[in-house]
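Have a look at the structure below, then the notes.
Remember, it's a predicted structure, so these values are computed and weren't measured experimentally. Chain letters run A, B, ... following the sequence lines, proteins first, then strands; residues in each count from 1. Any value given below was found using the heavy atoms of this structure, including those in side chains, with hydrogens, waters and symmetry copies removed.
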Number of protein chains: 2
Amino acid sequence: MSTTPEPEWLTDDEQRAWRAYLRATRQLEVALDRDLQAHGLSLAEYEIISMVSEAPGRRLRMSYLADMVVQSRSRMTHTAKRLEARGWVERRPVLDDRRGVELVLTDEGWAALDKASRVHVEGVREHLVSVLSPEEFLALGSALARVSAGLTGQPGIPVSSL
Amino acid sequence: MSTTPEPEWLTDDEQRAWRAYLRATRQLEVALDRDLQAHGLSLAEYEIISMVSEAPGRRLRMSYLADMVVQSRSRMTHTAKRLEARGWVERRPVLDDRRGVELVLTDEGWAALDKASRVHVEGVREHLVSVLSPEEFLALGSALARVSAGLTGQPGIPVSSL
DNA sequence: CGCACACAGTTGAATTTTCAATTAGATGTT
DNA sequence: AACATCTAATTGAAAATTCAACTGTGTGCG
């Protein structure tokens, strides 16, 4: 038998960076979530209705949304049900694809989003943007955009195939 | 009555950066979590035993851990219970402070961590580190370290007080 | 000392998320 | 047309997380 090859461990600097990443992203999530809670929604819910609000016709398909906000379809369904119960969205069948469902933002949903969005930007500015220089923030954005691209579409079986 | 002052909305660039942040961080979490699942633990659990393993005596207090990994104390308790049930940690009362409990990593826990850590670093390298230049990655780390510092210790009532 | 308050951790119920089917419709191939 | 396969979405139970209440214990102070 052969010994398992040692992976390339993180250097001290890298380790520090990675730990900072984990802690900061969680703290930020918690902070933003807490602020939104006061307006009756979670960050995940906010992201959903926020995306819907920007789409033409204020409507977006479940599966597309699930991909964008990185939630399982199942979770998307449950969350949509709750949002619907609050009267913030309606679910309507898609015309061309009879399997499809789209979420439509209601006026109440729009109003709720309007209020929440103020709190949200302020949080993002205060906790993230204002702490970094403008260049730093944009650099972070473009770095993570690349990370996201690398992670998109390649489910679990990255290599070999053919 | 007076109109609510408009908050300083994000510019298009900023908005893009922020969206990239949200999506990338979630995708990365999902990817790393998926890899660890195969070894029977979640990323959150991994972080906990990983921190414990580095502490002198392989032991760390609950409340300290909760702060480090950004989890509520309640969640920390539940998670610790599960880890204990798997035999990966033991819970022991702290000597000086009779309110305190510390988590001690068992040999089984150490073994599990040893296996999982390989998968974990590889994931971090593949999905994050390798996508960025070394400078970029370290810059991201230092930027987020500042974000974290800004978020640490200031619970919910940041201003005024006195 | 005695009291008020803060801190560490736990508990169990409510809520949310995950997980493993399941239904139904689209797509591609022969 | 008939078949297998894939995609969209839902369902309900299991598992994890949050939430609010609660038990002990440390701390500061009159």
Side-chain angles (χ1 to χ4, degrees), chain A residues 26 29-38 40-48 52 59-86 89-104 153 155-157, chain B residues 26 29-38 40-48 52 59-86 88-104 153 155-157 161:
Chain A
R26 300 237 160 108
E29 171 126 13
V30 168
L32 295 176
D33 219 74
R34 175 172 40 64
D35 293 346
L36 285 174
Q37 300 276 329
L41 35 58
S42 68
L43 181 53
E45 291 170 336
Y46 175 84
E47 284 181 72
I48 291 170
V52 173
R59 66 184 56 216
L60 235 32
R61 280 189 69 153
M62 298 282 285
S63 52
Y64 176 78
L65 270 170
D67 285 349
M68 291 312 267
V69 305
V70 194
Q71 294 193 2
S72 70
R73 278 140 200 269
S74 171
R75 182 175 174 183
M76 194 59 232
T77 297
H78 288 302
T79 306
K81 199 170 291 180
R82 289 194 296 267
L83 289 173
E84 189 180 35
R86 274 180 247 167
V89 301
E90 276 169 27
R91 291 145 116 195
R92 322 197 50 169
V94 174
L95 300 171
D96 9 357
D97 188 343
R98 279 190 298 179
R99 298 168 301 178
V101 172
E102 44 187 22
L103 247 44
V104 188
I157 321 93
Chain B
R26 299 235 161 108
E29 171 125 14
V30 168
L32 295 176
D33 218 73
R34 175 172 39 64
D35 293 345
L36 285 175
Q37 300 278 328
L41 35 57
S42 68
L43 180 55
E45 291 170 337
Y46 175 84
E47 284 181 72
I48 291 170
V52 173
R59 67 185 57 217
L60 233 33
R61 281 189 68 151
M62 297 282 283
S63 52
Y64 177 77
L65 271 169
D67 284 351
M68 290 312 266
V69 304
V70 193
Q71 295 192 4
S72 69
R73 279 141 201 271
S74 171
R75 181 176 174 182
M76 198 51 237
T77 297
H78 289 300
T79 306
K81 200 169 293 181
R82 288 192 299 266
L83 289 173
E84 189 180 36
R86 273 180 249 168
W88 291 352
V89 302
E90 275 170 26
R91 291 145 115 196
R92 324 198 44 170
V94 175
L95 300 171
D96 9 358
D97 187 343
R98 277 191 300 181
R99 298 168 301 176
V101 172
E102 44 187 21
L103 247 43
V104 188
I157 320 95
S161 41

Set of residues satisfying side-chain contact (heavy atoms from CB on, under 4.5 Å) with respect to [X], sequence neighbours excluded:
X: B:R59; result: B:R92, B:E102, B:V104
X: B:R98; result: none
X: B:S74; result: B:S72, B:H78
X: B:E29; result: A:R26, B:L43

*With side-chain contact (heavy atoms from CB on, under 4.5 Å) as the test, would you mind laying out the steps for A:L83 and A:I48 before giving the verdict?*
CA-CA 10 Å; A:L83 289 173; A:I48 291 170; 4.2 Å; yes
*Backbone N or O of B:G40 within a donor-acceptor pair of the B:R86 side chain at under 3.5 Å?*
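Side chain of B:R86 to backbone of B:G40: a pair is present.
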*Which parts of residues 59-69 of chain A get close to DNA chain D, meaning a heavy atom less than 4.0 angstrom away?*
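Close to the strand are A:R61, A:M62, A:S63.
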_Below 4.0 Å from chain A heavy atoms, what is the first contacting nucleotide of DNA chain C and what is the last?_
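Here the contact window of chain A covers C:dT16 to C:dA26.
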*Could you encode protein contacts along nucleotides 12-28 of chain D as a string, one character per nucleotide from 5' to 3', using B for base contact, S for sugar-phosphate-only contact and - for no contact, with a heavy-atom cut-off of under 4.0 Å?*
B---SSBB----BBS--
*Considering only heavy atoms from C-beta outward, does the side chain of B:V52 approach that of B:V89 to under 4.5 Å?*
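No, side chains not in contact.
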*Could you tell me whether the side chain of B:L103 reaches within less than 4.5 Å of the side chain of B:M76, counting heavy atoms only?*
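In short, these two side chains touch, coming nearer than 4.5 Å.
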Can you name the residues that form a salt bridge (charged side-chain N to carboxylate O under 4.0 Å, His left out) with [X], not counting sequence neighbours?
X: A:E90; answer: none
X: A:R73; answer: none
X: A:D97; answer: A:R61, A:R99
X: B:D33; answer: none

*Whole Å only: how far is the NZ atom of A:K81 from the P atom of D:dA9?*
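From A:K81 NZ to D:dA9 P: 14 Å.
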*Please give, in whole Å, the distance from D:dA9 P to A:R92 CZ?*
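Computing the A:R92:CZ to D:dA9:P distance gives 15 Å.
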*Test log, rule side-chain contact (heavy atoms from CB on, under 4.5 Å), inputs A:R91 and A:T77*: CA-CA 10 Å; A:R91 291 145 116 195; A:T77 297; 3.8 Å; yes
*asked:* Using five base pairs at each end to define the local axes, how bent is the helix from C:dC1-D:dG30 to C:dT30-D:dA1, to the nearest 10°?
replied: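 Axis angle across the helix from C:dC1-D:dG30 to C:dT30-D:dA1, nearest 10°: 30°.
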